[in-house]
S.K.: 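What follows is a single structure, and I will ask about it in a moment.
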Number of protein chains: 2
Amino acid sequence: MGPGMDDRATQVLRYIVEDYISTAEPVGSRTISKKMGQALSPATIRNIMADLEEMGFLVQPHTSAGRVPTGIGFRYYIDHLLLRRSLARGEVDQLNLAALEEGTPADELVRQASRLLANLACQASVVILSRPDQQKLRSVNLMRAATDKILLVAVMQGGHVQHRLIDGEPDITGDEIEKINAYLNDLAEGLTLPQLRVRILSELRKEKARYDRVMHRALTVGARALADSGLGEVFVEGRANILDQPEFAEDVQRLKRILRAFEEKSVIFRLLDRAMSSQAIQVSIGSENPVEDLGDVSVVASGYLQGPSAVGSIGLIGPVRMDYSRVIPLVEYTANLLTTMFGQR
Amino acid sequence: MGPGMDDRATQVLRYIVEDYISTAEPVGSRTISKKMGQALSPATIRNIMADLEEMGFLVQPHTSAGRVPTGIGFRYYIDHLLLRRSLARGEVDQLNLAALEEGTPADELVRQASRLLANLACQASVVILSRPDQQKLRSVNLMRAATDKILLVAVMQGGHVQHRLIDGEPDITGDEIEKINAYLNDLAEGLTLPQLRVRILSELRKEKARYDRVMHRALTVGARALADSGLGEVFVEGRANILDQPEFAEDVQRLKRILRAFEEKSVIFRLLDRAMSSQAIQVSIGSENPVEDLGDVSVVASGYLQGPSAVGSIGLIGPVRMDYSRVIPLVEYTANLLTTMFGQR
DNA sequence: ATTTAGCACTCCCGGACCAAGAGTGCTAAC
DNA sequence: GTTAGCACTCTTGGTCCGGGAGTGCTAAAT
């Protein structure tokens, strides 16, 4: 809290931010005066505003326009002034993921959550899943997919399922696959796939079973593929919502930058990565976020857990002028919902 | 070919369409005259243009603007006038899906194809996969996913893999799962999942094995889930490319309609469904396509096969003013590529 | 010593108006 | 049948202007 940041000033800042959030227009002294019940005249407000501008909380788009909060202004608002709105009953109802079909795969669950969140918040919503090669395994299985093909199926502790096809193994019998499965599952639990692989490799040196080759092959393909896909899954939902935001609607260049960013896994990943490790909500305002191309959007995100380990992160992307009082509880609730749902799995 | 559609008129139509495709601006008589090597004066061209307009091939945005081809004009161009450009070497190289990691799942393969196609064509690209409950099975397997959970994994003949989680089966042994698998795989091949289910149900009436419940449960969950997810998978890539098209760049309403449509599985499905059943390329121009909201885009799509059966369809979505001579071969090639790649699986 | 009213000033925005340019349709000549 | 010529239409971009919104400053009021 800077010098001269007295109570009245923060009040005014709050009103300005809130008005700006709802109108998307620079806000003038007269408006604020009215909003504060005429307790202070426009002229006084103007003085306060001038102070706030000097401190970096506000800017004027041009002389003789109202003020607009800066990133710093928003930051201060969020850190000190924000009153969270609790969720309305209807909102909670709409987020009812439990209504999903029994047995829905984890990916689909997460994607649905994202979609619902996007609709409720009227923003674009994004989910990332942690890198598959860093997730711990729950179980690994091989199964015959065709005469000369074997499918490697890995179930992660988060409930996510990964699979790869292994070619050209026509001569292995069902029994042998069985044995491999039993063997794998003894070792697999709690390891990552790459870890499992090195573990097996060292074991293999000792005993020389007939199915060495298959298992070796499977693990190599599996581990390499997972390492290769590098980043985890990324889902973006509700892209169209950003077109509803007046700040983006006009400027096609900006839109293009944002949409392009949405198509790059790595960018989205960088954006939400920070939130993944923490369950607390993270808000990056404009240039605070780690992607230069998205210097004019805000990201509100939170990680979610599977048991003790962070498996992903869900959030919203929208204009800096977001309704944080609504959006933050929404994201928080959704992330918690995911955590509890995965807890039951 | 309408009355009075002489050679010269078609020539003029071709030039107009092609010029319009490359410039996105109404084209005037002077331009065409020059393009035809001054063989005809602008005045003559104007007469021909007036004829073409009367026949419905052209329109004027306003008096004293050049002409723009109508949907009918484009249709005629595509059906009778189009000269396909063969693909450049570099283009083929860029579509090199074979370079993908060995064992990449079918979904990922298809998505990559879509992405590459989108980049090459500078349009949005879309893939649909046929409804999972209509695809024939190659094999079905249950596997233990956790102490009280079983994972149902179904490999389709197209190489697509579906999975669902089945809850609360702690008391079944690995051996029993084995038996179920053996039993299932005897029956499964070539059936759809719902078919398999009714088949099993009738069998179950006869013998009462201990693992009835699990199998029944698995099939019910599987079949219902698949029926429920209704449509197949849909992937959209290269959305940002539509912002490069001048006809969409300005009009935000239109953009929003298109982006929203992209988020609705069912819409995309309706759009590409027709193409799925045929290997020949399908071109829907503007209002020809079955989605009202997308009355101002064209769709170029083609189905692809897995062996004898159509499993999906890939295509491009863009402005009516697309470079069909380039885009059609591209889509065709990509679809064929997918067909051959799936052939090897 | 604040607060406020008053006022001059600045800047944006929308509408009116105009000139240039592009393209047409028609007519009359080739 | 083709084309040159010409009058006409319509868009586009630029300029100009007036109104409105909002400010900063100053001087009066509390």
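Bear in mind the structure is a predicted one, so any value in this text is a computation, not a measurement. What's counted below: heavy atoms across the whole structure, side chains too, no hydrogens, waters or symmetry copies.
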S.K.: Rounded to whole Å, how long is the line connecting atom CZ of A:Arg30 with atom C1' of D:dT23?
M.R.: 13 Å

S.K.: Quick one: is C:dG25 close enough that its OP1 or OP2 comes under 4.0 Å of any side-chain N or O from B:Arg67?
M.R.: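 Indeed, a polar side-chain atom of B:Arg67 lies that close.
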
S.K.: Under a 3.5 Å threshold, yes or no: a donor from one side chain and an acceptor from the other, between A:Asn289 and A:Ser287?
M.R.: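 Per modelled atom types, A:Asn289 and A:Ser287 side chains form no pair under 3.5 Å.
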
S.K.: Does a nitrogen or oxygen in the side chain of A:Arg8 sit under 4.0 Å from OP1 or OP2 of C:dT3?
M.R.: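 A:Arg8 to C:dT3 OP1/OP2: side-chain N or O found under 4.0 Å.
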
S.K.: Round to a whole Å and report the spacing from CG of B:Asp51 to P of C:dC26.
M.R.: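 Roughly 12 Å, once rounded to whole Å.
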
S.K.: Is it true that atom CZ of B:Arg30 has more than 12 heavy atoms of other residues, nucleotides or ligands lying nearer than 6.0 Å?
M.R.: no

S.K.: If you check every side-chain atom of B:Glu53, which of D:dT23, C:dT3, C:dG25 has the closest atom?
M.R.: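 From the listed options, C:dG25 comes nearest.
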
S.K.: Give a yes/no answer on whether the side chain of B:Thr63 brings an N or O atom under 4.0 Å of OP1 or OP2 in D:dC10.
M.R.: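 Yes, because at least one side-chain N or O of B:Thr63 sits under 4.0 Å from OP1 or OP2 of D:dC10.
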
S.K.: D:dT3 P sits how many Å from B:Ile45 CD1, rounded?
M.R.: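 About 9 Å, once rounded to whole Å.
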
S.K.: Search all heavy atoms of B:Asp296 against all heavy atoms of B:Asp293 and return the closest pair with its distance.
M.R.: OD1-O, 4.5 Å

S.K.: Could you give the CZ-to-C1' distance, from A:Arg46 to C:dT10, as a whole number of Å?
M.R.: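 The distance from CZ of A:Arg46 to C1' of C:dT10 comes to 14 Å, rounded to the nearest Å.
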
S.K.: Determine: side-chain N/O of A:Ser41 to OP1/OP2 of C:dT4, distance under 4.0 Å, yes or no.
M.R.: yes

S.K.: What is the distance from CG of B:Leu40 to C1' of D:dG1, rounded to the nearest Å?
M.R.: 11 Å

S.K.: Separation of B:Leu58 atom CG from C:dT24 atom P, in whole Å?
M.R.: 11 Å

S.K.: Which nucleotide, D:dT2, C:dG6, D:dT11, lies nearest any side-chain atom of B:Thr44?
M.R.: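 Of the options given, the side chain of B:Thr44 lies nearest D:dT2.
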
S.K.: Of A:Pro26 and A:Ala43, whose closest DNA chain D nucleotide lies nearer the 5' terminus?
M.R.: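 It is A:Pro26, whose closest nucleotide lies nearer the 5' terminus.
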
S.K.: What I want to check is whether the side chains of A:Tyr76 and A:Thr10 have a donor and an acceptor closer together than 3.5 Å.
M.R.: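 Side chains of A:Tyr76 and A:Thr10: no pair found under 3.5 Å.
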
S.K.: Is it true that, when you exclude B:Asp79 itself, more than 12 heavy atoms of the residues, nucleotides or ligands shown sit nearer than 6.0 Å to its CG?
M.R.: yes

S.K.: Using the side-chain heavy atoms of A:Met49, tell me which of these nucleotides is nearest: D:dT23, C:dC12, C:dT24.
M.R.: D:dT23

S.K.: Over how many whole Å does the gap from B:Gln38 atom CD to D:dT3 atom P extend?
M.R.: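 For the pair B:Gln38 CD and D:dT3 P, the rounded distance is 10 Å.
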
S.K.: Just compare C:dT24, C:dT4, D:dC10 and give me whichever is closest to any side-chain atom of B:His62.
M.R.: D:dC10

S.K.: Over how many whole Å does the gap from A:Glu25 atom CD to D:dG22 atom P extend?
M.R.: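 After rounding, the gap between these two atoms is 9 Å.
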
S.K.: Given D:dT3, C:dT24, C:dC11, identify the nucleotide with an atom nearest to the side chain of A:Ser64.
M.R.: C:dC11

